**Q** 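Below is the structure I would like to discuss, written out as C-alpha coordinates.
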Amino acid sequence: MAAAGLPLPPGKMAAALLAWFDRHGRHDLPWQHPATPYRVWISEVMLQQTQVATVIPYYEAFIARFPSVEALAAAPLDEVLRHWAGLGYYARARNLHQAARQVVERHGGRFPDTLEALEALPGIGRSTAGAILAQAHGIRAPILDGNAKRVLARLAAVEGWSGTAAVQRRLWELAEACTPAARVRDYTQAIMDLGATVCTRSRPACADCPLGDGCRARAEGRQGELPASRPRRELPVRRTRLLLITDPEAGVLLERRPPTGIWGGLWSLPECGWDTDPTELVRARYHGEVRSWRPWPARVHTFTHFRLEFTPWQGAINRPSHWVLEPDRTLWYNVGLSEPPGLAAPVRALLEGMRN
DNA sequence: AAGCCGGGGTG
DNA sequence: CACCCAGGCTT
(Lines give C-alpha, C1' and ligand atoms only; values in the text may rest on other atoms or scores of the structure.)
Protein backbone atom coordinates (compact mmCIF):
# COMPACT_ATOMS: atom_id res chain seq x y z
CA MET A 1 0.00 0.00 0.00
CA ALA A 2 1.25 3.45 -0.86
CA ALA A 3 1.48 6.33 1.55
CA ALA A 4 -1.52 7.29 3.66
CA GLY A 5 -3.67 4.43 2.38
CA LEU A 6 -3.56 5.55 -1.22
CA PRO A 7 -3.71 2.73 -3.74
CA LEU A 8 -0.92 4.38 -5.73
CA PRO A 9 2.13 6.47 -4.86
CA PRO A 10 1.31 10.19 -4.48
CA GLY A 11 3.89 11.06 -7.11
CA LYS A 12 2.17 8.87 -9.69
CA MET A 13 -1.18 10.28 -8.71
CA ALA A 14 -0.03 13.86 -9.21
CA ALA A 15 1.72 13.05 -12.46
CA ALA A 16 -1.33 11.37 -13.93
CA LEU A 17 -3.54 14.20 -12.81
CA LEU A 18 -1.25 16.85 -14.28
CA ALA A 19 -1.02 15.05 -17.62
CA TRP A 20 -4.79 14.92 -17.71
CA PHE A 21 -5.03 18.58 -16.73
CA ASP A 22 -2.86 19.65 -19.64
CA ARG A 23 -5.33 18.16 -22.07
CA HIS A 24 -8.69 18.37 -20.33
CA GLY A 25 -8.43 20.88 -17.49
CA ARG A 26 -9.97 24.31 -17.38
CA HIS A 27 -7.42 26.88 -18.42
CA ASP A 28 -9.61 29.85 -19.23
CA LEU A 29 -11.43 30.72 -16.05
CA PRO A 30 -11.51 34.50 -15.51
CA TRP A 31 -9.46 34.40 -12.31
CA GLN A 32 -6.66 32.44 -13.95
CA HIS A 33 -5.46 35.36 -16.06
CA PRO A 34 -3.74 36.91 -14.32
CA ALA A 35 -3.75 34.82 -11.15
CA THR A 36 -2.82 37.60 -8.77
CA PRO A 37 -3.38 37.05 -5.06
CA TYR A 38 -6.20 39.58 -5.03
CA ARG A 39 -8.03 38.02 -7.98
CA VAL A 40 -7.54 34.48 -6.71
CA TRP A 41 -8.77 35.51 -3.28
CA ILE A 42 -11.96 37.09 -4.62
CA SER A 43 -12.66 34.04 -6.76
CA GLU A 44 -12.02 31.58 -3.95
CA VAL A 45 -14.38 33.37 -1.60
CA MET A 46 -17.07 33.68 -4.25
CA LEU A 47 -16.68 30.01 -5.02
CA GLN A 48 -17.30 28.93 -1.44
CA GLN A 49 -20.41 26.78 -1.70
CA THR A 50 -21.20 28.35 -5.04
CA GLN A 51 -20.78 26.84 -8.47
CA VAL A 52 -18.46 28.19 -11.13
CA ALA A 53 -21.15 29.05 -13.65
CA THR A 54 -22.97 31.11 -11.05
CA VAL A 55 -19.85 32.93 -9.95
CA ILE A 56 -18.40 34.05 -13.30
CA PRO A 57 -20.72 37.00 -14.03
CA TYR A 58 -20.49 38.21 -10.43
CA TYR A 59 -16.75 37.91 -10.55
CA GLU A 60 -16.39 39.97 -13.72
CA ALA A 61 -18.56 42.77 -12.38
CA PHE A 62 -16.90 42.71 -8.97
CA ILE A 63 -13.38 42.94 -10.37
CA ALA A 64 -14.40 45.70 -12.74
CA ARG A 65 -15.76 47.75 -9.86
CA PHE A 66 -13.07 46.81 -7.31
CA PRO A 67 -9.93 46.13 -9.35
CA SER A 68 -7.55 46.10 -6.40
CA VAL A 69 -7.47 45.39 -2.70
CA GLU A 70 -7.06 49.12 -2.13
CA ALA A 71 -10.18 49.86 -4.16
CA LEU A 72 -12.11 47.28 -2.20
CA ALA A 73 -10.86 48.57 1.14
CA ALA A 74 -11.79 52.11 0.22
CA ALA A 75 -15.30 51.26 -0.94
CA PRO A 76 -18.31 51.58 1.35
CA LEU A 77 -19.65 48.25 2.57
CA ASP A 78 -23.01 48.91 0.96
CA GLU A 79 -21.37 49.13 -2.41
CA VAL A 80 -19.68 45.78 -1.83
CA LEU A 81 -22.91 44.17 -0.72
CA ARG A 82 -24.68 45.56 -3.75
CA HIS A 83 -22.29 43.67 -5.99
CA TRP A 84 -22.81 40.55 -3.93
CA ALA A 85 -26.58 40.64 -3.99
CA GLY A 86 -27.89 37.33 -5.35
CA LEU A 87 -24.80 35.28 -4.51
CA GLY A 88 -25.94 34.35 -1.01
CA TYR A 89 -23.90 33.88 2.15
CA TYR A 90 -23.59 37.62 2.61
CA ALA A 91 -21.20 37.26 5.52
CA ARG A 92 -18.68 36.45 2.80
CA ALA A 93 -19.00 39.98 1.44
CA ARG A 94 -18.68 41.58 4.85
CA ASN A 95 -15.63 39.47 5.63
CA LEU A 96 -14.15 40.27 2.23
CA HIS A 97 -14.48 43.97 2.89
CA GLN A 98 -13.05 43.66 6.38
CA ALA A 99 -10.16 41.51 5.18
CA ALA A 100 -9.35 44.01 2.42
CA ARG A 101 -8.98 46.73 5.03
CA GLN A 102 -6.72 44.51 7.12
CA VAL A 103 -4.52 43.68 4.15
CA VAL A 104 -4.12 47.39 3.39
CA GLU A 105 -3.59 48.46 6.97
CA ARG A 106 -1.55 45.59 8.37
CA HIS A 107 0.24 44.26 5.31
CA GLY A 108 0.70 47.42 3.29
CA GLY A 109 -1.61 46.15 0.55
CA ARG A 110 0.55 43.05 -0.06
CA PHE A 111 -1.20 39.73 0.38
CA PRO A 112 0.40 37.55 3.05
CA ASP A 113 2.07 34.38 1.83
CA THR A 114 1.86 32.19 4.90
CA LEU A 115 -0.93 29.88 5.92
CA GLU A 116 -1.11 31.43 9.34
CA ALA A 117 -1.36 35.04 8.16
CA LEU A 118 -3.94 34.18 5.52
CA GLU A 119 -6.11 32.24 7.93
CA ALA A 120 -6.04 35.21 10.28
CA LEU A 121 -8.04 37.17 7.70
CA PRO A 122 -11.81 36.94 8.12
CA GLY A 123 -13.47 34.59 5.65
CA ILE A 124 -10.29 32.68 4.85
CA GLY A 125 -10.13 29.17 6.28
CA ARG A 126 -7.59 26.45 5.73
CA SER A 127 -8.74 25.44 2.26
CA THR A 128 -9.09 28.95 0.88
CA ALA A 129 -5.71 29.86 2.35
CA GLY A 130 -4.18 26.82 0.68
CA ALA A 131 -5.73 27.74 -2.64
CA ILE A 132 -4.37 31.28 -2.48
CA LEU A 133 -0.90 30.04 -1.57
CA ALA A 134 -0.84 27.48 -4.34
CA GLN A 135 -2.55 29.36 -7.12
CA ALA A 136 -1.31 32.88 -6.51
CA HIS A 137 2.06 32.33 -4.91
CA GLY A 138 3.01 28.94 -6.26
CA ILE A 139 3.69 27.73 -2.73
CA ARG A 140 3.00 24.09 -1.99
CA ALA A 141 -0.14 23.94 0.13
CA PRO A 142 -3.02 21.47 0.07
CA ILE A 143 -6.61 22.43 -0.51
CA LEU A 144 -9.69 20.52 0.53
CA ASP A 145 -12.76 21.82 -1.19
CA GLY A 146 -15.77 19.73 -2.11
CA ASN A 147 -14.12 18.50 -5.30
CA ALA A 148 -10.89 17.44 -3.64
CA LYS A 149 -12.84 15.76 -0.85
CA ARG A 150 -14.81 13.70 -3.33
CA VAL A 151 -11.78 12.73 -5.41
CA LEU A 152 -9.67 11.77 -2.39
CA ALA A 153 -12.46 9.97 -0.59
CA ARG A 154 -13.02 7.79 -3.63
CA LEU A 155 -9.36 7.33 -4.40
CA ALA A 156 -8.57 5.96 -0.94
CA ALA A 157 -12.07 4.64 -0.18
CA VAL A 158 -12.44 6.82 2.90
CA GLU A 159 -15.43 5.73 4.93
CA GLY A 160 -17.76 8.11 6.71
CA TRP A 161 -19.15 11.58 6.26
CA SER A 162 -16.65 14.40 5.81
CA GLY A 163 -18.49 16.48 8.37
CA THR A 164 -16.98 14.53 11.24
CA ALA A 165 -13.64 15.52 12.65
CA ALA A 166 -12.04 12.11 12.06
CA VAL A 167 -12.90 11.98 8.37
CA GLN A 168 -11.92 15.60 7.93
CA ARG A 169 -8.53 14.87 9.43
CA ARG A 170 -8.07 11.84 7.22
CA LEU A 171 -8.92 13.79 4.08
CA TRP A 172 -6.49 16.57 4.97
CA GLU A 173 -3.83 13.89 5.44
CA LEU A 174 -4.51 12.58 1.97
CA ALA A 175 -4.57 16.08 0.50
CA GLU A 176 -1.25 16.82 2.13
CA ALA A 177 0.27 13.58 0.88
CA CYS A 178 -0.89 14.07 -2.71
CA THR A 179 -0.01 17.71 -3.23
CA PRO A 180 3.25 17.92 -5.20
CA ALA A 181 5.92 20.57 -4.80
CA ALA A 182 6.27 21.04 -8.54
CA ARG A 183 3.45 22.57 -10.59
CA VAL A 184 1.36 23.08 -7.49
CA ARG A 185 -0.76 25.74 -9.27
CA ASP A 186 -1.77 23.30 -11.95
CA TYR A 187 -2.23 20.44 -9.52
CA THR A 188 -4.58 22.48 -7.38
CA GLN A 189 -6.63 23.45 -10.39
CA ALA A 190 -6.43 19.90 -11.71
CA ILE A 191 -7.92 18.17 -8.70
CA MET A 192 -10.79 20.64 -8.66
CA ASP A 193 -11.36 20.24 -12.38
CA LEU A 194 -11.35 16.48 -12.08
CA GLY A 195 -13.92 16.64 -9.33
CA ALA A 196 -16.06 19.09 -11.25
CA THR A 197 -16.02 17.38 -14.62
CA VAL A 198 -15.11 13.68 -14.20
CA CYS A 199 -15.32 12.58 -10.58
CA THR A 200 -18.75 14.11 -10.19
CA ARG A 201 -21.06 13.41 -7.30
CA SER A 202 -23.46 11.35 -9.36
CA ARG A 203 -22.62 9.30 -12.40
CA PRO A 204 -18.87 9.86 -12.36
CA ALA A 205 -17.19 9.36 -15.74
CA CYS A 206 -14.72 6.78 -14.48
CA ALA A 207 -13.89 5.69 -18.02
CA ASP A 208 -12.36 9.13 -18.62
CA CYS A 209 -10.51 9.29 -15.32
CA PRO A 210 -6.70 9.48 -15.41
CA LEU A 211 -6.58 7.81 -11.99
CA GLY A 212 -8.85 4.96 -12.99
CA ASP A 213 -6.34 2.22 -12.26
CA GLY A 214 -5.52 3.58 -8.87
CA CYS A 215 -8.95 4.32 -7.47
CA ARG A 216 -10.17 2.08 -4.69
CA ALA A 217 -13.78 3.12 -4.97
CA ARG A 218 -13.77 2.20 -8.64
CA ALA A 219 -11.94 -1.05 -8.01
CA GLU A 220 -14.57 -1.98 -5.47
CA GLY A 221 -17.47 -0.63 -7.50
CA ARG A 222 -18.37 1.79 -4.75
CA GLN A 223 -18.33 5.10 -6.60
CA GLY A 224 -22.01 5.48 -5.82
CA GLU A 225 -21.67 5.19 -2.08
CA LEU A 226 -18.47 7.18 -1.63
CA PRO A 227 -18.09 9.72 -0.28
CA ALA A 228 -20.77 9.00 2.27
CA SER A 229 -23.48 11.61 2.29
CA ARG A 230 -24.46 13.63 5.27
CA PRO A 231 -26.60 11.61 7.66
CA ARG A 232 -30.22 12.53 7.30
CA ARG A 233 -31.22 15.04 9.86
CA GLU A 234 -33.02 13.43 12.75
CA LEU A 235 -36.69 13.23 11.96
CA PRO A 236 -39.21 14.86 14.25
CA VAL A 237 -40.86 12.32 16.52
CA ARG A 238 -44.60 12.08 17.08
CA ARG A 239 -45.79 9.97 19.98
CA THR A 240 -49.24 8.50 20.30
CA ARG A 241 -51.18 5.50 21.51
CA LEU A 242 -52.98 2.92 19.43
CA LEU A 243 -55.79 1.20 21.28
CA LEU A 244 -55.56 -2.55 21.05
CA ILE A 245 -59.06 -3.43 22.16
CA THR A 246 -59.44 -7.20 22.23
CA ASP A 247 -62.17 -9.69 22.94
CA PRO A 248 -61.55 -13.44 23.05
CA GLU A 249 -64.36 -14.12 20.60
CA ALA A 250 -64.81 -10.98 18.52
CA GLY A 251 -61.12 -10.24 17.99
CA VAL A 252 -59.48 -6.82 17.63
CA LEU A 253 -61.29 -3.57 17.03
CA LEU A 254 -60.08 -1.93 13.82
CA GLU A 255 -60.88 1.55 12.64
CA ARG A 256 -60.47 3.02 9.19
CA ARG A 257 -58.16 6.04 8.97
CA PRO A 258 -59.56 9.27 7.60
CA PRO A 259 -59.03 9.63 3.84
CA THR A 260 -56.25 12.20 4.25
CA GLY A 261 -53.18 12.11 6.44
CA ILE A 262 -51.02 9.13 7.30
CA TRP A 263 -52.38 5.75 6.31
CA GLY A 264 -55.28 7.55 4.61
CA GLY A 265 -58.14 5.11 4.08
CA LEU A 266 -56.25 2.15 5.52
CA TRP A 267 -57.40 0.13 8.49
CA SER A 268 -55.60 0.76 11.74
CA LEU A 269 -56.20 0.76 15.47
CA PRO A 270 -58.11 3.62 17.11
CA GLU A 271 -55.63 6.39 17.84
CA CYS A 272 -55.68 7.95 21.28
CA GLY A 273 -53.26 10.81 21.94
CA TRP A 274 -51.54 11.06 25.30
CA ASP A 275 -53.74 13.96 26.30
CA THR A 276 -56.93 11.97 25.80
CA ASP A 277 -58.44 9.51 28.28
CA PRO A 278 -58.86 6.22 26.40
CA THR A 279 -61.77 5.13 28.56
CA GLU A 280 -63.64 8.32 27.71
CA LEU A 281 -62.75 7.96 24.03
CA VAL A 282 -64.21 4.47 23.94
CA ARG A 283 -67.39 5.57 25.69
CA ALA A 284 -67.91 8.55 23.43
CA ARG A 285 -67.10 6.85 20.15
CA TYR A 286 -68.34 3.28 20.62
CA HIS A 287 -70.60 3.43 23.69
CA GLY A 288 -68.34 0.70 25.02
CA GLU A 289 -66.74 -0.11 28.35
CA VAL A 290 -63.19 -1.30 28.90
CA ARG A 291 -62.44 -3.31 32.01
CA SER A 292 -58.72 -2.67 32.19
CA TRP A 293 -55.89 -1.15 30.17
CA ARG A 294 -52.40 -2.50 29.83
CA PRO A 295 -49.59 -0.79 27.92
CA TRP A 296 -47.40 -2.73 25.53
CA PRO A 297 -43.84 -1.84 24.62
CA ALA A 298 -43.71 1.14 22.28
CA ARG A 299 -42.95 0.64 18.60
CA VAL A 300 -41.43 2.97 16.06
CA HIS A 301 -42.41 3.52 12.47
CA THR A 302 -40.53 5.88 10.17
CA PHE A 303 -42.17 7.99 7.50
CA THR A 304 -40.30 10.16 5.06
CA HIS A 305 -40.93 13.29 7.07
CA PHE A 306 -41.33 12.15 10.66
CA ARG A 307 -40.97 9.27 13.05
CA LEU A 308 -44.02 7.81 14.72
CA GLU A 309 -43.59 6.19 18.09
CA PHE A 310 -46.74 4.46 19.21
CA THR A 311 -47.57 2.55 22.32
CA PRO A 312 -50.11 -0.24 21.87
CA TRP A 313 -52.62 0.27 24.66
CA GLN A 314 -54.38 -2.99 25.23
CA GLY A 315 -57.90 -2.91 26.61
CA ALA A 316 -59.89 -5.94 27.75
CA ILE A 317 -63.65 -5.82 27.41
CA ASN A 318 -66.65 -7.94 28.42
CA ARG A 319 -69.55 -7.55 26.05
CA PRO A 320 -68.60 -6.51 22.53
CA SER A 321 -72.21 -7.01 21.44
CA HIS A 322 -73.16 -3.87 23.30
CA TRP A 323 -70.72 -1.68 21.33
CA VAL A 324 -72.10 0.59 18.64
CA LEU A 325 -69.91 0.55 15.54
CA GLU A 326 -70.22 2.53 12.34
CA PRO A 327 -70.30 -0.22 9.72
CA ASP A 328 -67.92 1.20 7.14
CA ARG A 329 -65.57 2.75 9.62
CA THR A 330 -65.12 0.15 12.32
CA LEU A 331 -64.95 -3.63 12.48
CA TRP A 332 -63.97 -6.53 14.65
CA TYR A 333 -61.10 -8.44 13.14
CA ASN A 334 -60.32 -11.92 14.31
CA VAL A 335 -56.63 -12.41 13.80
CA GLY A 336 -55.95 -15.58 11.87
CA LEU A 337 -59.56 -16.48 11.15
CA SER A 338 -60.72 -13.97 8.59
CA GLU A 339 -58.85 -12.40 5.68
CA PRO A 340 -57.06 -9.28 6.92
CA PRO A 341 -58.31 -5.95 5.53
CA GLY A 342 -55.90 -3.31 4.17
CA LEU A 343 -53.87 -2.69 7.27
CA ALA A 344 -51.29 -0.03 7.98
CA ALA A 345 -47.94 -1.82 7.89
CA PRO A 346 -46.96 -1.37 11.54
CA VAL A 347 -50.41 -2.46 12.65
CA ARG A 348 -50.19 -5.57 10.52
CA ALA A 349 -46.80 -6.31 12.06
CA LEU A 350 -48.20 -5.81 15.52
CA LEU A 351 -51.17 -8.12 14.92
CA GLU A 352 -48.91 -10.64 13.22
CA GLY A 353 -46.82 -10.73 16.37
CA MET A 354 -49.89 -11.47 18.48
CA ARG A 355 -50.47 -14.81 16.81
CA ASN A 356 -47.20 -16.14 18.12
C1' DA B 1 -19.94 18.70 17.31
C1' DA B 2 -23.75 21.04 15.47
C1' DG B 3 -26.16 25.01 13.51
C1' DC B 4 -26.21 28.59 10.40
C1' DC B 5 -25.86 31.10 6.18
C1' DG B 6 -28.52 31.14 0.65
C1' DG B 7 -29.37 31.03 -4.17
C1' DG B 8 -29.15 27.75 -7.73
C1' DG B 9 -28.67 23.22 -10.03
C1' DT B 10 -29.85 18.36 -10.21
C1' DG B 11 -31.93 13.56 -10.01
C1' DC C 1 -38.75 17.41 -2.98
C1' DA C 2 -34.14 16.29 -1.04
C1' DC C 3 -29.67 16.89 -1.54
C1' DC C 4 -25.47 19.23 -2.74
C1' DC C 5 -22.31 22.98 -4.12
C1' DA C 6 -14.61 25.95 -5.24
C1' DG C 7 -16.50 26.68 3.37
C1' DG C 8 -16.10 29.39 7.31
C1' DC C 9 -17.77 31.17 11.56
C1' DT C 10 -20.33 30.90 15.88
C1' DT C 11 -22.22 28.56 19.68
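Small disclaimer: the values here were computed from a predicted structure and weren't measured. Throughout, protein chains are lettered first and strands after them, A, B, ... in sequence-line order, and every chain is numbered starting at 1.
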**Q** When you compare C:dG8 with B:dG9, how far apart are their C1' atoms, in angstrom units rounded to a whole number?
**A** 22 Å

**Q** Which one, C:dC4, C:dG8, B:dG8, comes nearest to the side chain of A:Ser127?
**A** C:dG8

**Q** Quickly work out the A:Arg201 CZ to B:dG8 P distance and round it to whole Å.
**A** 18 Å

**Q** Using atom OH of A:Tyr59 as one end and atom P of B:dG7 as the other, report the distance to the nearest whole Å.
**A** 24 Å

**Q** Would you classify A:Ser229 as touching base, sugar-phosphate or nothing, given that sugar-phosphate means primed atoms plus P, OP1 and OP2, and contacts are heavy atoms under 4.0 Å?
**A** sugar-phosphate

**Q** Look at the side-chain N and O atoms of A:Gln51 and state whether any lies under 4.0 Å from the OP1 or OP2 oxygen of C:dC5.
**A** no

**Q** Quick check on DNA chain B: between A:Ser202 and A:Tyr89, whose nearest nucleotide comes earlier from the 5' end?
**A** A:Tyr89

**Q** Please say whether more than 12 non-hydrogen atoms of neighbouring residues, nucleotides or ligands are located less than 6.0 Å from CD in A:Glu116.
**A** no

**Q** In whole angstrom, what separates A:Arg92's CZ from C:dC5's P?
**A** 15 Å

**Q** Should A:Glu271 and A:Arg238 count as an ion pair when the cut-off is N to O under 4.0 Å?
**A** yes

**Q** C:dC9, B:dG9, C:dG7: which one has an atom nearest the side-chain heavy atoms of A:Gln48?
**A** C:dG7

**Q** Closer than 4.0 angstrom, basic N to acidic O: yes or no for A:Glu289 and A:Arg283?
**A** yes

**Q** Remember a base hit wins even if backbone is also touched, and classify A:Leu87 as base, sugar-phosphate or nothing at under 4.0 Å, heavy atoms.
**A** base

**Q** Before accepting this row, confirm whether a basic side-chain N of the pair A:Arg241/A:Asp275 lies closer than 4.0 Å to the acidic partner's carboxylate O.
**A** no

**Q** Using a 4.0 Å heavy-atom cut-off across all strands, classify A:Ala165 as base, sugar-phosphate, or nothing.
**A** sugar-phosphate

**Q** I want to confirm an ordering. Mapping A:Glu119 and A:Trp31 to their closest nucleotides on DNA chain C, which one lands closer to the 5' end?
**A** A:Trp31

**Q** Roughly how many Å is it from CH2 in A:Trp172 to P in C:dG7, rounded to a whole number?
**A** 11 Å

**Q** Which part of the nucleic acid does A:Gln189 contact within heavy-atom distance under 4.0 Å: base, sugar-phosphate only, or nothing?
**A** base

**Q** Using the P atom on both, measure B:dG8 against C:dC9 and round to a whole Å.
**A** 24 Å

**Q** In whole angstroms, how far is the P atom of C:dC9 from the OH atom of A:Tyr90?
**A** 19 Å

**Q** For a quick check of understanding: with a heavy-atom distance under 4.0 Å over all strands, which category does A:Gln49 fall into, base, sugar-phosphate or nothing?
**A** base

**Q** Would you please indicate if the ring centroids of A:Tyr58 and A:Trp84 are separated by under 6.0 Å?
**A** no

**Q** Do the numbers put A:Arg126 on top of the ring of A:Trp172, so that NZ or CZ is under 6.0 Å from the six-membered ring centre and no more than 45° off the axis?
**A** yes

**Q** Provide, to the nearest angstrom, the distance between the CH2 atom belonging to A:Trp41 and the P atom belonging to C:dG7.
**A** 17 Å

**Q** With a 4.0 Å cut-off on heavy atoms, is A:Arg150 in touch with a base, just the backbone sugar-phosphate, or nothing at all?
**A** sugar-phosphate

**Q** Rounded to the nearest Å, what distance is computed from the CZ atom of residue A:Arg230 to the C1' atom of nucleotide C:dA2?
**A** 13 Å

**Q** Heavy atoms only, 4.0 Å cut-off, all strands: where does A:Trp84 land among base, sugar-phosphate and nothing?
**A** nothing

**Q** For A:Leu29, report the nucleic acid contact type (base, sugar-phosphate, nothing); a contact means any heavy atom under 4.0 Å.
**A** base

**Q** Under 4.0 Å, counting only non-hydrogen atoms across every strand here, what does A:Thr128 touch: a base, just sugar-phosphate, or nothing?
**A** sugar-phosphate

**Q** Within this structure, what is the CZ-to-P distance between A:Arg126 and C:dC9, rounded to whole angstrom?
**A** 14 Å

